[in-house]
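Notes to accompany the following structure.
Proteins come first, then strands; the chains are lettered A, B, ... in the order of their sequence lines, and each starts at number 1.
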Amino acid sequence: MVRVRFAPSPTGFLHIGSLRTALYNSLFAKGHSGVCVLRIEDTDRTRFVPGAMEEQIESLRWAGIEFDEGPHIGGQYGPYVQSERFDIYAQYGMQLIENGSAYYAFDTAEELDAMRQRQQAAGIAPKYDRSSMRNQYTLGEHETQRLLGEHAEHVIRLKVPLHSDIRFHDAVRGEVIVHGREIDDQILLKSDGFPTYHLANVVDDHLMEISHVIRAEEWLPSTPKHILLYEAFGWELPVFAHVPLLLNADRSKMSKRHGDVMVKDFIARGYFPDALVNYVALCGWNPGTEQEVFSRNALETMFSLERVSKAGAIFDYKKLDWMNTEYLKATPLDVLADNLVPMLVERKYEFTTAEFVKNVIGLLRERVTFLSEIVEFGDYFFSDSLNPLDAETESQLINNTQLKQALQVFRDDFSETVLASHEAFTAHVQAAAKASELKMGAFLKPLRQIITHRNVGAELFDTMHLLGMNRCIARINTFLS
RNA sequence: GCACCGUUCGUCUAGAGGUUAGGACACCGCCCUUUCAAGGCGGUAACACGGGUUCAAUUCCCGUACGGUGUACCA
């Protein structure tokens, strides 16, 4: 049974990189008929942000990533919030103390700082020095028990075997080897009684029967510590898979300052959830074919850890935009209309019937990146009070007597048949232009400006056809007067 | 500093000893055209470097360089 988990910390908004990690977990679970659990890792009380968990769940839900178990839905392995599992960690910490895999340490923050400074000065790697600091071994059993008896501040540290090499297989990277001497005696239980990530993570993954740990590459260096913990408990290892990081343009870990990185930012900018998910899935994974646009279902069946790439991927906002246009072109018009109508209503626009809006979207969607842009880009469809023309265009139009003549001809001979077909329209335009000795192009551009108050848009025939004869004539009359 | 991980067009990537090194985004050009797009066609552009191994290395091995991550009583 495949059981995976996504385990964010509620310290802020959901990061785009976290979204991808969650996605990979979810895709992997779905593809293997497994279970994806959400677990909240809130063991750092100092960084806890109220409401963050809810925000992250909401962002995930927006992206269509749902869980099978979690704090918001329950499940057989709860509770799914680590702060509610406080006693469990203490219990397992004690087990490690009893079997000699962990020990008590009483050093203060200042003492530890001093230790690191000494080590740096001596040019050696900063690492807890079990033989010189104040711990169970240097103090002796008697003194240790005495300190514990009087409730002296203490932590529990992992006793890392000095000379063992840790080697493990990573599903995306292959064999990874770390020498035991490089691994620090990690703190397992902090002086406030809360576990560190390392302990909580291993205990929970075991208790929740997680089969595959799919997480970001930043966890790779601490994986040996986790393996040591599994061994200390005598537990079976899950499969580890460390996925590459999402990077800024300068190849550093993707962060603010270089652009939007929170999922809520992408929501606000108007991306389709499926487009964002599709793009992000491709950032570090591909199926080995040349296909780039996938349904969610295709993603679920095709995704595999073996095809996740090893190197970090620079997040390409332009390609994301392209992906969004792909979805904009592929999504059924009535779905798009359902999304756009509320935005139009909010603007208090008058022409917002679903059918009309559908037609507008059909005309304009190839010209924008976001659906929401149509509100602005196609404003002349939704209201008859057009934005003022810019001064230069306006004076050009007003001073063009030939144009006015042509417009009069165009308007006077206007009938329903003009907009009945492209051919009829073209013939009508030509006749009006010819009567004033204008070239067709020289007439069409100003006509567009007068009808839409814009220089670009869909083909004029389609535009006017959708607007209808009366609205077109009204706009020409407004200009002529 | 040390440890680990990585390195194919500007970007995302395909490639698993012998390829004209393929695709996509972006960029440029042409076509289409009633503007802008979309679409079609075409183009510029990559195997970090040095040693091996091999008849043959982008591909395997070892170094070097560069980059990233980690090195907390944060996750």
Side-chain angles (χ1 to χ4, degrees), chain A residues 7-11 41-44 46-47 105 107-109 112-113 116 119-120 123-128 153-157 170 172-174 176-179 181-184 186-198 200-201 215-224 242 244-245 247 249-253 279 282-293 307 309-323 325 329 363-368 377 422 425-426 429 439-445 447-449 452 454-463:
Chain A
S9 297
T11 55
E41 311 224 320
D42 60 344
T43 54
D44 185 351
T46 63
R47 294 208 303 158
D107 317 281
T108 64
L112 291 169
D113 276 348
R116 291 192 192 98
Q119 290 168 330
Q120 284 209 330
I124 42 178
K127 188 165 170 286
Y128 185 74
E153 279 225 333
H154 66 275
V155 301
I156 291 178
R157 283 181 181 269
D170 187 282
V172 343
R173 279 149 219 286
V176 178
I177 303 168
V178 180
H179 303 293
R181 55 197 295 252
E182 307 295 345
I183 305 170
D184 203 357
Q186 188 63 49
I187 289 178
L188 266 17
L189 281 161
K190 306 181 237 183
S191 57
D192 63 3
F194 273 83
T196 56
Y197 169 85
H198 307 285
N201 166 264
R215 72 217 320 187
E217 189 186 350
E218 51 203 338
W219 294 109
L220 194 53
S222 52
T223 302
H242 290 92
L245 263 19
L247 272 25
D250 67 0
R251 303 212 78 92
S252 58
K253 189 158 83 171
Y279 173 71
L282 245 25
C283 240
W285 170 85
N286 81 85
T289 65
E290 287 177 355
Q291 186 181 352
E292 301 217 79
V293 180
R307 291 209 63 90
S309 45
K310 296 178 172 71
I314 294 175
F315 193 90
D316 186 344
Y317 292 90
K318 280 196 175 159
K319 189 153 185 179
L320 202 215
D321 282 355
W322 166 79
M323 187 64 81
T325 65
K329 283 181 280 187
L363 244 38
L364 300 181
R365 66 167 157 185
E366 285 174 357
R367 285 155 240 266
V368 295
F377 190 64
H422 202 295
F425 175 76
T426 305
V429 167
K439 284 186 184 163
M440 195 161 103
F443 179 53
L444 281 168
K445 187 182 175 187
L447 183 57
R448 171 186 298 283
Q449 290 170 328
T452 70
R454 286 180 187 276
N455 296 317
V456 299
E459 199 164 306
L460 233 207
F461 165 70
D462 293 324
T463 303

* Using a strict 4.0 Å threshold on nitrogen-to-oxygen distance, state whether A:Lys310 and A:Glu217 make a salt bridge. => no

* Using the P atom in both, what is the distance from B:G40 to B:G6, to the nearest Å? -> 38 Å

* May I ask which nucleotide in the shown strands pairs with B:G70, Watson-Crick or G-U wobble, both distances under 3.5 Å? => B:C2

* Just checking A:Phe461: base, sugar-phosphate only, or nothing, at a heavy-atom cut-off of under 4.0 Å? -> base

* Asked: If you look at every heavy atom in A:Lys190 and A:Thr43, which pair is closest and at what distance?
  -> NZ-O, 3.1 Å

* Kindly say if A:Arg157 contacts the phosphate of B:C73, meaning a side-chain N or O under 4.0 Å from OP1 or OP2. => yes

* To do: Determine the interatomic distance between P on B:G70 and the same-named atom on B:C62; round to the nearest Å.
  => 26 Å

* A:Val178 and A:Pro224: which non-hydrogen atoms are nearest, and at how many Å? -> CG2-CG, 3.5 Å

* If you look at every strand shown and take non-hydrogen atoms under 4.0 Å, does A:Ala458 touch a base, only sugar-phosphate, or nothing? -> base

* To do: Have a look at A:Asp170 and say if it touches a base, only the backbone sugar-phosphate, or nothing, with a 4.0 Å heavy-atom cut-off.
  => nothing

* Given the P atoms of B:U35 and B:A45, what is the spacing between them in whole Å? -> 32 Å

* Asked: Checking all strands, does A:His422 fall into the base, sugar-phosphate, or nothing category for heavy-atom contacts under 4.0 angstrom?
  -> base

* Of the listed nucleotides B:U35, B:G68, B:C74, the one nearest the side chain of A:Asp44 -> B:C74

* Asked: Heavy atoms under 4.0 Å, any strand shown: does A:Ile177 hit a base, just sugar-phosphate, or nothing?
  -> sugar-phosphate

* To do: Measure from the side chain of A:Glu182, starting at C-beta and using heavy atoms only, and say which of B:A3, B:C5, B:A75 lies closest.
  => B:A3

* Which value, in whole Å, describes the distance between the P atoms of nucleotides B:G22 and B:A38? -> 25 Å

* For B:C41 versus B:A46, give the span between their P atoms, rounded off to a whole number of Å. => 24 Å

* Contact class for A:Val176 (heavy atom, under 4.0 Å): base, sugar-phosphate, or nothing? -> sugar-phosphate

* Asked: How is A:Lys329 classified with respect to the nucleic acid when contacts are heavy atoms under 4.0 Å: base, sugar-phosphate, or nothing?
  -> sugar-phosphate

* B:G15 to B:U8 separation - C1' atoms, rounded to the nearest Å -> 9 Å

* Using the C1' atom in both, what is the distance from B:C30 to B:U44, to the nearest Å? -> 15 Å

* Asked: Under 4.0 angstrom, heavy atoms only, what part of the nucleic acid is A:Leu447 near: base, sugar-phosphate, or nothing?
  -> nothing

* Out of A:Phe315, A:Trp322, A:Trp285, which one pairs with A:Tyr279 under the ring pair (Phe, Tyr, Trp, His ring centres under 6.0 Å) rule? -> A:Phe315

* To do: Give one of base, sugar-phosphate or nothing for A:Glu218, where a contact means two heavy atoms less than 4.0 Å apart.
  => sugar-phosphate

Give each protein N/O atom lying under 3.5 Å from an N/O atom of nucleotides 11-15 of chain B, with the pair distance.
residue : atom : partner  : partner atom : Å
B:C12   : OP1  : A:Ile314 : N            : 3.1
B:C12   : O2'  : A:Leu282 : O            : 3.2
B:U13   : OP1  : A:Gly284 : N            : 3.1
B:U13   : OP1  : A:Ser309 : OG           : 3.1
B:U13   : O3'  : A:Asn286 : ND2          : 2.8
B:A14   : OP1  : A:Asn286 : ND2          : 3.0
B:A14   : O3'  : A:Arg307 : NH2          : 3.4
B:G15   : OP1  : A:Arg307 : NH1          : 3.2
B:G15   : OP1  : A:Arg307 : NH2          : 3.3

* Using a cut-off of 4.0 Å on non-hydrogen atoms, how would the nucleic acid contact of A:Tyr317 be classed: base, sugar-phosphate, or nothing? -> nothing

* To do: Ignoring backbone atoms, test whether A:Lys318 places a side-chain nitrogen or oxygen under 4.0 Å from the OP1 or OP2 oxygen of B:C27.
  => no

* **Salt bridge present between A:Arg116 and A:Asp113 (N-O < 4.0 angstrom)** => yes

* Asked: What is the nucleic acid contact for A:Arg173, judged by heavy atoms within less than 4.0 Å: base, sugar-phosphate only, or nothing?
  -> sugar-phosphate

* Structure fact -> Answer for the Watson-Crick or wobble partner of B:C55, both distances under 3.5 Å, is B:G18

* To do: Please state how far atom CZ in A:Arg454 lies from atom P in B:U34, giving the value in whole angstrom units.
  => 23 Å

* Spacing of the C1' atoms in B:A21 and B:U58 (rounded, Å) -> 8 Å

* Asked: Does A:Ser9 or A:Pro126 map to a spot on RNA chain B nearer the 5' end, using the closest nucleotide for each?
  -> A:Pro126

* To do: Rounded to the nearest angstrom, tell me the gap between atom CD in A:Glu217 and atom C1' in B:G67.
  => 11 Å

* **CG on A:Leu188 to NE2 on A:His198, rounded to 0.5 Å** => 9.0 Å

* How would you label the contact of A:Gly457 with the nucleic acid (heavy atoms, under 4.0 Å): base, sugar-phosphate, or nothing? -> base

* Between B:C74, B:G22, B:U34, which one does the side chain of A:Leu460 approach most closely? -> B:U34

* Taking any strand in view, what nucleotide pairs with B:G63 in a Watson-Crick or G-U wobble way, both distances under 3.5 Å? -> B:C49

* Asked: Taking all non-hydrogen atoms of both residues, which atom of A:Gln120 and which atom of A:Pro126 are closest, and how far apart?
  -> NE2-CG, 4.4 Å

* Asked: Phosphate oxygens OP1/OP2 of B:G6: is one of them under 4.0 Å from a side-chain N or O of A:Lys253?
  -> no

* Could you pull out the closest heavy-atom pair between A:Leu282 and A:Glu292, with the gap in Å? => CD2-O, 3.2 Å

* Of all the choices, B:A3, B:G68, B:U35, which nucleotide is nearest to the side chain of A:Val178 once you look at every atom? -> B:A3

* Asked: Just checking, is any N or O donor in the side chain of A:His242 or A:Thr223 under 3.5 Å from an acceptor N or O on the other one?
  -> yes

* If you find the nucleotide of RNA chain B closest to A:Ser191 and the one closest to A:Val456, which residue's nucleotide is nearer the 5' end? -> A:Val456

* Establish, with yes or no, whether the OP1 or OP2 oxygen of B:A72 is under 4.0 angstrom from a side-chain nitrogen or oxygen of A:Arg116. => yes

* Structure fact -> Answer for the Watson-Crick or wobble partner of B:G10, both distances under 3.5 Å, is B:C25

* Asked: Think A:Arg157 forms a cation-pi with A:Tyr128, using NZ or CZ under 6.0 Å from the six-ring centre and within 45 degrees of its axis?
  -> yes

* Structure fact -> Taken to the nearest whole Å, CD1/A:Ile124 to C1'/B:A3 is 15 Å

* **Who pairs with B:U33 - Watson-Crick or G-U, where each distance is under 3.5 Å** => none

